[in-house]
Amino acid sequence: MTEVDKEPVKLVLYVAGETPKSLAAIRNLEKICSEHLAGKYKVEVVDLKKQPQLAREHGIVAIPTLVKELPVPIRKIIGDLSDTQKVLVHLSVEE
Amino acid sequence: MTDGITKSPTGIEGFDDLTLGGLPTGRPTLVCGSAGCGKTLFASTFLFNGAKIYDEPGVFVTFEERPIDIVANVDSLGFDLQGLIDQSKIHIEHIEIDPSEVAEIGDYDLEALFLRLEFAVDQIGAKRIVLDTIESLFSAFSNPAILRAEIRRLFDWLKQKGLTAVITGERGDGTLTRQGLEEYVSDCVILLDHRVDNQISTRRLRIVKYRGTAHGTNEYPFLIDEDGFSVLPVSSLGLGHKVFEDRISTGVADLDAMLTGGGFYRGSSILLTGVAGSGKSSLACMMADAACQNGERALYLSFEESEAQTVRNMKSIGTDLGKWLKSGQMRYIAARPTFYSLEMHLAIMLREINRFKPQLVVLDPISAFTDSADIAEVQAMLLRIVDYLKSNGITAVFTHLASVEQAQTDAGLSSIMDGWVLLLNREANGEFNRELYLLKARGISHSNQVREFVMSNNGIHLLDPYLGEDGALTGSARRNAEARARRAEAERQAEVTRVQDQVTQRRRRALAQIETLNADIEADEAELRRLVTAEETYQQLSRESAAALARGRGLDLSTGMKKQG
């Protein structure tokens with residue numbers, strides 16, 4: 001498992017190379033985090049093209065997938081995260 | 001149609017024959033069917049045999065069952081999947097998607113799935129892959145448009161990777177698969193079916209499509225049992241049987257003698273019909289025994305009696321089948337007709353025949369099937385068996401229980417049989433007697449007699465019937481008639497002797513009379529002779545005395561005229 005620290009929100013975004021969907025997801029996530037979760041998050045971007053074994057390890061099927069590892073419960077969002085409100089609802093991290 | 005298609009054997013008994021080699025190498029094959037019809041087992045067998053026998057490592061991608069369950073499931077069939085996993089010959093990739101913890105926001109694809117598959121394939125150098133059941137993805141993701149595009153891409157990817165793939169799919173309403181996977185797989189589609197008719201279940205397999213190659217198109221029954229998955233091609237094979245000239249004994253010397261040349265031809269189909277208790281099974285056992293004695297193998301398929309029962313019963317007529325069973329020359333399989341459906345029976349029989357390779361097969365009795373299935377189906381099944389056995393030069397013995405004593409079988413089998421022995425059990429004068437009649441023996445001139453069929457602890461014998469004025473008699477009627485005949489014979493002989501004596505006596509008497517008469521004649525003749533002699537003497541004397549007289553009178557004899565005076 002990825003190193004867990006006591007940061008309030010730990011997000012992992014799984015992408016596969018620099019595809020338009022992956023790039024869009026990274027862009028959208030950065031936007032959401034800076035606008036709504038400033039200072040309360042830690043984001044890790046994993047390129048499964050480089051580390052395919054992590055897809056197996058974490059049960060990732062779709063790309064892009066955003067996993068909120070902390071706080072529990074784990075939540076997964078697939079897609080390019082184009083709807084900010086929905087993302088926040090599903091991450092249960094609304095202010 | 002190109003011939004250049006290469007095939008990957010599945011190692012599934014029968015299936016590779018049916019497809020003339022197996023599944024198309026480097027292409028996806030869709031295996032579809034309803035729940036519980038054996039899709040996963042088919043797929044795992046394909047993968048297991050690939051890794052174990054054909055040295056083609058494989059990846060099992062499971063979307064439903066957990067890897068541990070898959071290993072456990074096939075373990076009961078003797079597949080040591082775990083062992084192959086440990087040797088890195090098989091990898092189980094578990095794609096688990098819980099829709100409840102996943103939200104879809106925006107555009108996505110399944111690239112991670114591809115990456116995982118690619119990783120797994122590269123890791124063990126897989127040549128084969130199983131996707132079981134990819135349709136689960138449809139319940140995990142809500143956007144079918146994306147899924148369809150991705151599945152199409154997946155199949156293209158599989159082809160591009162040159163993987164021989166088996167994709168399983170659940171049967172849908174009116175379609176082969178619920179999600180129409182058949183649209184994507186155009187090379188080979190196999191349909192598995194599990195039907196229940198009259199409370200008897202039958203599994204069937206059909207090759208719906210197999211591009212670029214010939215294949216069997218019928219529905220073939222298949223089996224899932226302790227030996228795994230086996231398909232049984234049971235098609236009619238036509239009439240190009242090999243023909244044998246040598247004869248095989250029926251185990252009953254008297255019956256052999258009724259067939260000119262001794263016994264039936266090898267590879268014949270012989271039907272034994274008769275009413276209950278007429279000795280059909282016993283005769284069939286004798287034939288099996290004869291085959292074993294000849295150093296051949298016999299397979300006895302019984303649908304009514306158990307092995308132990310038959311062995312015991314045959315012992316009572318002096319035949320020990322136990323020793324053949326022990327030595328492995330004979331195999332006895334007992335199963336009630338209702339155990340399986342007809343096709344399953346056929347399938348199992350053919351499989352056993354294939355494995356045991358007997359020279360003689362007994363089916364006892366085939367009439368047992370007519371209760372559990374449609375007559376036309378029974379006939380079709382038996383025809384297949386007959387064809388199969390004939391084409392393999394195996395002698396077949398069928399018994400058939402007839403409800404009435406007539407030369408007719410319910411299943412209309414007579415025309416496909418080469419030999420037909422009718423066993424009768426006729427009532428006459430308060431007792432039943434068994435009789436045997438050779439109704440038909442193709443290509444062999446045979447006795448037309450109805451013989452009395454006697455089973456004793458010395459075995460089976462056929463007695464010559466008593467042919468008297470009142471027709472042929474059997475049993476005690478025969479014994480009575482024979483006794484009567486013996487008495488009459490004795491009387492007749494006595495009469496002859498008596499008349500002979502009479503004649504002799506009469507002749508003797510006649511001869512005696514002749515003797516007497518001859519004696520009389522002789523006596524008469526003697527008298528006559530005496531008289532003649534006396535007369536002559538008298539004449540002589542009288543002449544002499546006359547001469548003396550004349551001399552005395554001085555008469556010249558020469559002039560004397562008087563002789564008497």
Side-chain angles (χ1 to χ4, degrees), chain A residues 11-29 31-32 36 45-69 72-94, chain B residues 59-64 66-67 85 88 91-124 126 129 131 133-151 153-154 157 161:
Chain A
L11 299 170
V12 183
L13 180 66
Y14 295 93
V15 294
E18 304 198 333
T19 61
K21 282 181 212 119
S22 297
L23 294 175
I26 293 169
R27 234 181 3 257
N28 288 332
L29 184 63
K31 190 166 148 254
I32 292 165
H36 302 274
V45 177
V46 175
D47 186 352
L48 294 176
K49 271 242 157 80
K50 292 174 187 145
Q51 294 169 286
Q53 75 280 5
L54 290 179
R56 184 190 291 173
E57 227 169 87
H58 297 284
I60 307 302
V61 177
I63 288 291
T65 298
L66 178 66
V67 179
K68 185 198 74 170
E69 290 190 343
V72 284
I74 289 178
R75 303 294 304 221
K76 284 184 186 170
I77 298 172
I78 59 172
D80 58 12
L81 312 173
S82 49
D83 187 327
T84 307
Q85 281 313 307
K86 264 193 183 169
V87 173
L88 291 173
V89 167
H90 280 282
L91 290 176
S92 324
V93 289
E94 257 177 310
Chain B
V59 174
F60 195 108
V61 185
T62 169
F63 294 87
E64 287 173 343
R66 290 178 304 150
I85 293 171
S88 292
H91 173 75
I92 303 183
E93 182 77 27
H94 188 198
I95 308 286
E96 194 181 19
I97 305 145
D98 182 0
S100 65
E101 64 171 26
V102 175
E104 290 173 25
I105 300 166
D107 198 12
Y108 60 91
D109 58 37
L110 301 182
E111 185 63 26
L113 175 66
F114 286 78
L115 290 170
R116 281 172 76 171
L117 297 187
E118 186 155 30
F119 181 61
V121 166
D122 292 345
Q123 206 175 21
I124 60 167
I129 191 166
L131 303 176
T133 302
I134 199 164
E135 287 182 315
S136 306
L137 289 176
F138 283 89
S139 61
F141 296 101
S142 59
N143 189 336
I146 292 180
L147 268 180
R148 289 190 184 283
E150 288 299 283
I151 286 175
R153 191 157 73 94
L154 178 64
W157 178 81
K161 286 289 263 181

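Lettering of chains follows the sequences in order, A, B, ..., and the numbering in each one begins at 1.
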Out of A:Ala24, A:Pro52, A:Pro64, which one racks up the most heavy-atom pairs below 4.5 Å with chain B?
->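 Top option by heavy-atom pairs under 4.5 Å: A:Pro52.
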Anything in residues 16-23 of chain A with a heavy-atom distance to chain B below 4.5 Å? Please list those residues in order.
->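 Within residues 16-23 of chain A, the residues under 4.5 Å from chain B are A:Ala16, A:Lys21.
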Given a strict heavy-atom distance threshold of 4.5 Å, which part of [X] is in contact with chain A: side chain, backbone, both, or neither?
X        : answer
B:Ile97  : side chain
B:Ala120 : both
B:Phe114 : neither
B:Ile95  : side chain
B:Glu118 : neither
B:Glu150 : neither

Using the test side-chain hydrogen bond (donor to acceptor under 3.5 Å, both in side chains), find all partners of A:Thr65 that sit at least two apart in sequence or belong to another chain.
->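 Partners of A:Thr65 under the side-chain hydrogen bond (donor to acceptor under 3.5 Å, both in side chains) test: none.
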Would you please name every residue forming a side-chain hydrogen bond (donor to acceptor under 3.5 Å, both in side chains) with B:Glu111, sequence neighbours left out?
->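 Listed in chain order: B:Arg153.
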Output the distance between atom [atom1] ([X]) and atom [atom2] ([Y]), rounded to the nearest 0.5 Å.
X        : Y        : atom1 : atom2 : answer
B:Ile105 : A:Asp83  : CD1   : CG    : 6.5 Å
B:Asn143 : A:Ile78  : CG    : CD1   : 9.0 Å
A:Leu54  : B:Phe119 : CG    : CZ    : 9.0 Å
A:Leu48  : B:Leu113 : CG    : CG    : 11.5 Å

Trace of the side-chain contact (heavy atoms from CB on, under 4.5 Å) decision for B:Arg116 with A:Val61 | CA-CA 8 Å; B:Arg116 281 172 76 171; A:Val61 177; 3.9 Å; yes
What's the shortest heavy-atom distance between B:Gly106 and A:Ser82, and which atoms?
->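 Scanning both residues, the minimum pair turns out to be CA-OG, 3.6 Å.
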Is the side chain of A:Asp80 donor-acceptor paired with the backbone N or O of B:Asp107 at a distance under 3.5 Å, no angle test?
->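 Side chain of A:Asp80 to backbone of B:Asp107: a pair is present.
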State which residues pass side-chain contact (heavy atoms from CB on, under 4.5 Å) with B:Glu96; sequence neighbours excluded, sorted by chain then number.
->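 Partners of B:Glu96 under the side-chain contact (heavy atoms from CB on, under 4.5 Å) test: B:His94.
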